[in-house]
Amino acid sequence: MKLINTISELRAELARYERPALVPTMGNLHEGHLALVRQAKPLGDVTVASIFVNRLQFGPNEDFDTYPRTLDADCAKLQDAGCDVVFAPLEKELYPEPQTFKVLPPPELADILEGHFRPGFFTGVCTVVMKLFQAVQPAHAVFGMKDYQQQMVLRRMVQQFNMPIAMHTGATLRASDGLALSSRNGYLSETERAEAVQLHQALQDLSHATQAALQKGELNLEVLQGLEAKSSAQLNTRGWQTDYLTVRRRHDLQAPTQFDASADATPEPLVVLGASRLGKTRLIDNLEF
Ligand code: PAF
């Protein structure tokens with residue numbers, strides 16, 4: 001496995017390949033990232049993982065400075081997972097001057113949910129991913145399902161800019177109690193770690209309650225909003241501070257409009273998404289149903 005820090009060296013290394021498969025990451029890798037690398041491996045003729053903590057996607061009061069930088073441990077894990085090339089640029093390599101050109105995703109997709117609570121987040125993500133795509137020129141790219149809205153925004157970016165990249169989504173890996181694996185789980189104290197599974201539990205409960213109301217023909221937008229508010233309140237009573245816990249249509253992340261569960265109605269595929277803070281740690285998760 002080669003560790004490369006500059007775009008010029010990366011281009012020289014990748015010149016002999018036709019179909020690189022890329023897994024973009026911010027490092028501090030866990031099994032979830034490694035599963036994405038294993039998924040990427042058979043897709044291309046060389047597997048590249050990028051490690052870059054992207055200042056542009058962090059808000060002023062977020063954890064950019066404290067985000068764990070664990071390059072040596074990350075490289076050892078990537079090597080074991082069969083990665084061929086690690087691209088780990090310094091900040092001045094990717095942003096040699098202030099990044100004044102940016103990718104502006106559409107507000108109806110990027111200013112809701114995560115984008116509402118983290119203004120500018122998806123502009124930062126799209127801009128860095130556009131730059132990583134230019135550097136690697138991948139034929140395939142793999143992103144995690146845990147960042148549900150992120151992978152949707154990036155798919156739309158690739159589609160609208162006609163980028164010749166096949167986008168793949170990797171399933172969320174979970175600990176045995178159901179907590180979604182995340183680099184930020186490392187911030188949790190022992191007590192918080194035991195509590196953290198309650199976010200997954202809340203998503204499950206909300207999806208079950210929504211399905212039950214739908215089957216009984218009792219669901220409408222007002223009822224759904226009531227169920228969402230109840231779920232958030234229950235989580236907050238346990239000491240969480242919830243940003244959102246909400247049921248959305250999978251295809252555009254807007255509120256559902258189809259409340260008819262009868263046999264001749266076309267079902268609307270749904271996803272429940274949540275973001276909540278436990279102590280100082282903000283966790284996100286989602287479940288399709
Ligand atoms: O999901 C992440 O780790 C980051 O948002 C990404 C896609 C690597 C861009 O910095």
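None of the values given here were measured: they were computed from a predicted structure. Atoms within each ligand, like the ligands themselves, are counted from 1 in listed order. Note: hydrogens, waters and symmetry copies are ignored here, and every other heavy atom, side chains too, is used.
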Parallel, tilted or perpendicular, as decided by the 30° and 60° cut-offs, for the rings of His168 and His140: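 Ring orientation, 0 to 90° scale: tilted.
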Residues Glu93 and Lys131 bridged, charged N to O under 4.0 Å: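 Between Lys131 and Glu93 there is no salt bridge, as every charged N stays at least 4.0 Å from the carboxylate O atoms.
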For Asp243 against Phe117, the heavy-atom pair lying closest together: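 Between these two residues, the closest heavy atoms are O-CZ, 3.0 Å.
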Report, in ascending order of atom number, the atoms of ligand 1 lying under 4.0 Å from any heavy atom of [X].
X      : answer
Gln150 : 1 (O), 2 (C), 4 (C), 5 (O), 7 (C)
Val128 : 9 (C), 10 (O)
Pro24  : 8 (C)

Residue pairs involving residues 159-175 (criterion salt bridge (Lys or Arg N to Asp or Glu O under 4.0 Å); sequence neighbours excluded):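 Salt bridge (Lys or Arg N to Asp or Glu O under 4.0 Å) check on residues 159-175 returns Arg174-Asp285.
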Gln57 N/O under 3.5 Å from ligand 1 N/O: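 There is such a contact, yes.
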Thr25, portion touching ligand 1 at heavy-atom distance under 4.0 Å: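 Under 4.0 Å from ligand 1, Thr25 contributes backbone atoms alone.
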Side-chain heavy atoms of Lys146 within contact of Leu181, under 4.5 Å: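 Heavy-atom side-chain distance check fails, nothing below 4.5 Å.
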